[in-house]
Amino acid sequence: MKLRVVVTAVIAVALGVVAATASASGNHRQSNKLTVWLQVDAQTGWPDVVAAANQQFQQQNPGWTVSVQYQNWGDHLQKFDATIAGNDTPDVIEMGNTEMTAYMASGAFADLTSDKAQFPNSDHWLGGLAKSGAYQGKIYGVPYYAGSRVVTYRTDLFKKAGITKPPTSISQFVADLQKVGTMEKKVKGFTPMYMAGTDWYSALDWVFDYGGTIATTHAHKWVGALDSAKSIAGLTAYKNFFDAVSSKRAATLDEANPAPYTVFSQGLAGAILGPAWFSCCTGTKYKAVTGQFVMPSHIAGKPIPGFLGGSDLAVPGESGNKAQAIQWIADFTGTTNEQSLQAKGNIPNATNLLGNTVNARAAAQSWFVPQAKHWVDIENGNILRTMLSQILTGKLTVKQAASTASANIAYTLNQS
Amino acid sequence: MASAAETAPRWSRRRFSWRRLGRGSVPYALVAPVVIVMGAILGYPLYSLVRIALDRYGLTELIQHKGVYIGLKNFGTVLHDSVFWHTLLRTIVFAGANVGLTMVIGTFIALLLVRISTWVRLLVTSGLVLVWSMPPVVAVQVWNWMINSENGVLNYILTEIHVGNYFQHNWMETPLSQLGMVTTLIVWGALPFVVITVYAALSQVPRELVEAAEIDGARSWRVFLDVTVPVITPVLLILTSLSILWDFGVFTQAYLLIGQPHITTGNYLMGIYLFEQGYVNANFGLGAAISILMLVIVAAMSVVYVRRMIRIGDVT
């Protein structure tokens, strides 16, 4: 009798375990619910735009709810991979434009080519963003917004130093910054231009300004190009600029810790280089004396080519709500919403919506990363950051660091 | 002459009985739920790990939910990767330094606890328990706040007490300084367990033995080496073995304190190497192979611990 009780208990436990395991692996998607993954930028910067899109979607789809879940750039891809493994992907996901290729090439997203007409302004999508959402002639990502990089500076300090006009060349900018630096040399920790040394999004502007690039293709193989003469000239110019006007202590720092606008808001920087939305966070003390201009090139009168960052919206292939996902993306990227994003310092997703803002002017000259499946591994492996810190700390010469990075880039991009 | 029935083993003469069989299998039945649950919780993931380690399992395969069998190729790739061997060596040195510091400082504080007043002991123990109860992620935030180059408390204090000019000093500039900072965090977090356990062991040292040694003229260092250490050696050995296992597999504190933008092959520890290859680069097959290799290394290292545990089990 006792044995029977024990055996029954064992079977019950085993069945419980099996049931628990089975329920964990199944896709228990609540019906009439759309799950959207956006980055935290939307949560802090434009929650009103998200709310407007949700409201519009729910009016068009009575009975549907939208669950917007905000993610961090640092780990959202690992979380997305986990949802793929567990058959529980979101219905819409925001992807950084440099992250798209690996997932498009692997077949993670639904083909939206035949749905293009449903997206407002799709005939005028920004070329750079539209390119990042397309793979082998098919559309997998809808342009969401872009952001260019501009100089955010202290107008009061520049004025006090007798500088009345934005510089038209890098050499003029260096001279201006040195004037500001000399004027403020008694302020402990002050740097004329705060730049995180390993911020490759900014540093590679110099490479492209001198005609260099990151990698090229030859006979269907990627070839590293940071060790080319033009790229080395650009990296050398970057080092010279950094040594002349930035703080040595920042040579190994990254752009997230500390954020350049934090240094600015503490009154310890005359200028910073980064996304145009940096103006939001320069602190109440300096809000009124914050100005922006397009970073000049080494060639007088031209802007420096800047990294065109941005995001696309994609529909994971495993979503069971493709039609609704497309509808939500169309609502979210509608003209009114894109104009709201523009008003908050972003570049809208279509050329017909562009204005004459400093952000839009900076976007006129831009560069982008190689569209390769393994590009994301270059970012994750910090190959560019390592190269920059080696150059700026003098651990390696520009040529040595660039050659090592170039070889690593070629090896990584050519992986099967 | 003995009959065949008499020479046959005793058990063969026992009549088969369902009742006896039932009674004999009760212990097995009682232990079965644990075996089944442990099998499901540990066995299945381990089986999946081995299966994935034998597959090419990247992003494409993840999306298709099906790997491509490639045999032992992933293991070959890892073992031929110079980064793996450098990382292994770095992790052994790192774990050695962490375990050494933890054990020496921990034992020292435990000895101190024996000699201080009850109230002070209570205060110190409370402090240790607070450290113990702090989740690693929170501890990393506290450390980040203290060593921050812009507004860190450490730079401020060192500059104020004129140790040197630490204004905006970057404590995370080189791989060595990064791993050094991680070491301070790990040792700080590991101390409470070691201190409290060694203190408990010290309370088992027979007072009369210490007194006898003292009467015989032994100095305190001699008493410690010849009386105290032999008594607490089993505990020290177990703590050292456990610390080696924990410090070899460190991930959270190192990854968060160094920060992803500064993780490079130059500061990889085994846990980070596994995470970067397996998860960040979405090469799950390779990650699984690294996992299994780590498992083998850790299993080899646990031999001392397991043997010690068995010996303690035999004694009791």
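To find a chain, count down the sequence lines: A is the first, B the second, and so on, and within it residues start at 1. Computation of the quantities below employed the complete heavy-atom set of this structure, encompassing side-chain atoms and omitting hydrogens, waters and symmetry-equivalent molecules.
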[X], [atom1]: over 12 other non-hydrogen atoms inside 6.0 angstrom:
X: B:F167; atom1: CZ; value: yes
X: A:W73; atom1: CH2; value: yes
X: A:K322; atom1: NZ; value: yes
X: B:L176; atom1: CG; value: no

Tell me which of these, B:H65, B:R56, B:E173, B:E276, has more heavy-atom pairs under 4.5 Å with chain A than the rest.
B:H65

Closest non-hydrogen atom pair, A:D81 against B:F284
OD2-CZ, 4.0 Å

What are the two closest heavy atoms between B:L59 and A:A102, and how far apart are they?
CD2-O, 3.9 Å

Which atoms of A:L77 approach chain B - backbone, side chain, both or neither, heavy atom under 4.5 Å
neither

A:K373, part contacting chain B, at a heavy-atom distance under 4.5 Å
side chain

Contact residues of residues 74-91 of chain B (partner chain A; heavy-atom separation under 4.5 angstrom):
none

Give, as side chain, backbone, both or neither, the part of B:H169 having an atom under 4.5 angstrom from any heavy atom of chain A.
neither

Before giving the answer on side-chain contact (heavy atoms from CB on, under 4.5 Å), spell out for B:N151 and A:Q266 the whole-Å C-alpha distance, their side-chain angles and the decisive distance to 0.1 Å.
CA-CA 11 Å; B:N151 307 303; A:Q266 290 168 335; 3.2 Å; yes

Neighbours of chain B found in residues 245-258 of chain A - heavy atoms under 4.5 Å:
A:R249, A:T252, A:L253, A:D254, A:N257, A:P258

Find the distance between CD (B:Q168) and NZ (A:K188) and round it off to the nearest 0.5 Å.
8.5 Å

Judged by atom type as modelled, is there a donor-acceptor pair below 3.5 Å linking the side chain of B:N281 to the main-chain atoms of A:D377?
no

Tell me, do A:Q415 and B:N283 make a side-chain contact under 4.5 Å, heavy atoms counted?
no

